[in-house]
Amino acid sequence: MSRKVIITCAVTGGNSAVLAKHPNIPKTPSEIADAALEAARAGAAVVHIHVRDPNTGLGSNQFELYEQVVKKIRDAATDVIINLTCGMDGELVLDSVDPIKVGEASTLKNPAGRCLHAVKLQPELSTLDCATMTFGERIYVARMSELREMAALMQKAGVKPELECFDLGHIETAKKLVSEGTIDGAPLFQLCLSTGNGAPALPIVLQAMRELLPAEAIWGGFGCGADEMPMVAQIASVGGHVRVGLEDNIYLRRGVLASNAELVENAVGIVERMGASVATPAEARAILGVVKRG
């Protein structure tokens, strides 16, 4: 295998449960930006950014926090592709269904509110979660109307959506968006496995999802927890790009907490030992069909 593999580092995520397990989860804008730059120096061509409330560490979608992170990354000498999440502020919580009562824990905003930071800050990439799905008692809402509007807003801002798919049907939803012309250039798919709320990280699942992708698609994927590094090898071996990072897994090995840079270094080692090479940010932009922003 001789090809370029893009490594993405998902720096922090929005999961609150990891805060008690890992004392060094990046929480402040400065910590998140520093972790992203360390991951880039370790070999990540793309950094996937969530932000957290600096005081509580809880996941946030506050524009000013994204703005601070993006500015620090762009001001640094390290070149890296910025990928901002647009997967926040989409949750619906029902306190009752008879009668229907929307819970105060709901974060659901309109499409413009959910991707305001991507439109204004104009990163090269932003995620678009192509699925309405449940996370325990919480429901993430992604109806076609929301997806169409968010995709159109990204298209107008010149931001390439990363179409996140957690199961087979989500790929079909994403393909509808592609067929409707709301995605410019070759579509970018991300296969999200073993999240606990979608498809498991099994070879047969990866094969099935890969076979459903459009022929022209650029694609990558990841596994969570103990599946993270095995999926790096499996995905790279069948032509995909890969993702690692503390959003998906907090351990370097059993009982040993990781940093983002260490996880990226592991992924680099796997990719190179398989005979591929790791794409630089400039090479990744050429593969993805995007130009440097900011």
Side-chain angles (χ1 to χ4, degrees), residues 1 5-26 32 35-36 38-50 52 59 80-81 83 85 87 125 127 129 135 162 164-167 170 188-210 219-274 276-279 284:
M1 182 173 65
V5 175
I6 299 169
I7 297 178
T8 294
C9 182
V11 174
T12 191
N15 187 347
S16 60
V18 300
L19 297 174
K21 299 177 182 178
H22 197 316
N24 296 320
I25 288 290
I32 294 167
E38 289 169 5
R41 289 190 287 269
V46 181
V47 286
H48 173 58
I49 303 295
H50 282 251
R52 293 178 180 267
V80 68
I81 296 169
N83 177 339
T85 183
L125 305 173
T127 56
D129 293 13
F135 292 81
E162 181 181 75
E164 291 206 326
C165 300
F166 297 74
D167 224 325
H170 307 168
L188 173 60
F189 283 76
Q190 181 79 284
L191 308 182
C192 312
L193 303 175
S194 63
T195 64
N197 303 284
L202 298 173
I204 191 171
V205 173
L206 177 62
Q207 179 182 351
M209 294 180 81
R210 175 176 170 250
W219 72 279
F222 64 90
C224 294
D227 293 320
E228 185 176 58
M229 294 304 162
M231 288 310 298
V232 168
Q234 291 181 54
I235 290 167
S237 71
V238 292
H241 303 287
V242 300
R243 174 176 129 173
V244 294
L246 292 180
E247 177 177 348
D248 306 325
N249 165 49
I250 62 173
Y251 293 104
L252 190 61
R253 54 185 176 276
R254 187 175 182 85
V256 179
L257 294 172
S259 70
N260 283 291
E262 288 172 329
L263 294 172
V264 171
E265 288 168 358
N266 267 11
V268 168
I270 292 169
V271 168
E272 291 182 342
R273 287 181 179 88
M274 294 179 68
S277 57
V278 175

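All values derive from a computational prediction rather than experimental measurement.
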Within the structure provided, determine whether L206 and V238 are in side-chain contact (heavy-atom separation under 4.5 Å). yes
Run H22 and N24 through side-chain contact (heavy atoms from CB on, under 4.5 Å) and show every step you take. CA-CA 6 Å; H22 197 316; N24 296 320; 3.6 Å; yes
Side chain T85, main chain H50, donor-acceptor under 3.5 Å: no
Do any N or O atoms from the side chain of R253 and from the backbone of A258 form a donor-acceptor pair under 3.5 angstrom? no
Separation between OG1 (T8) and CG (D248), nearest 0.5 Å, reads 10.0 Å
As an exercise, state the distance from CG of L246 to CD1 of I32, rounded to the nearest 0.5 Å. 11.0 Å
On a heavy-atom basis, the closest approach of I7 and G43 is CB-O, 4.1 Å
Do L191 and W219 touch side chain to side chain, with heavy atoms closer than 4.5 Å? yes
Just so I know, are the side chains of P23 and L257 near enough to count as touching, which here means a heavy-atom distance under 4.5 Å? yes
Distance check, rounded to the nearest 0.5 Å: M229 atom CE versus I270 atom CD1? 5.5 Å
Does the side chain of Q207 come within less than 4.5 Å of L202's, by heavy atoms? no
Minimum heavy-atom separation for F222 to M231, with atom names? C-CB, 4.4 Å
Does the side chain of D129 come within less than 4.5 Å of F166's, by heavy atoms? yes
Minimum heavy-atom distance V47-A36, with the two atoms named: CG1-O, 3.5 Å
Looking at V80 and A44, what are the two nearest heavy atoms and their distance? CG2-O, 3.8 Å
Taking H48's backbone N and O only, do any of them form a donor-acceptor pair with R243's side chain (distance below 3.5 Å, no angle check)? no
So N266 and V244, do their side chains get closer than 4.5 Å, heavy atoms only? no
Check whether any side-chain N or O of E247 sits under 3.5 Å from a backbone N or O of V11 as a donor-acceptor pair, and report yes or no. no
Looking at CG of L188 and CD1 of I6, how far apart are the two atoms once the value is rounded to the nearest 0.5 Å? 8.0 Å
Tightest non-hydrogen contact, residues A284 and I81, listed as CB-CD1, 3.6 Å
Would you check if Q190 and T127 make a side-chain contact, meaning some heavy-atom pair closer than 4.5 Å? no
Out of curiosity, C9 SG to N83 CG, how far, rounded to the nearest 0.5 Å? 11.5 Å
Sorted by chain and number, sequence neighbours left out, ring-ring contact (aromatic ring centres under 6.0 Å, His included) with H241 holds for none
Qualifying residues under side chain to side chain contact (heavy atoms under 4.5 Å, CB included), relative to E265, sequence neighbours excluded: A42, E262
Would the distance check show the side chain of E228 and the main-chain N or O of G245 forming a donor-acceptor pair, the cut-off being under 3.5 Å? yes
Show your working on side-chain contact (heavy atoms from CB on, under 4.5 Å) between M274 and V5 and close with a plain yes or no. CA-CA 11 Å; M274 294 179 68; V5 175; over 6 Å; no
Output for pair (S259 OG, I25 CD1), nearest 0.5 Å, gives 10.5 Å
For Y251 versus L263, what's the shortest heavy-atom pair and its separation? O-CD2, 3.7 Å
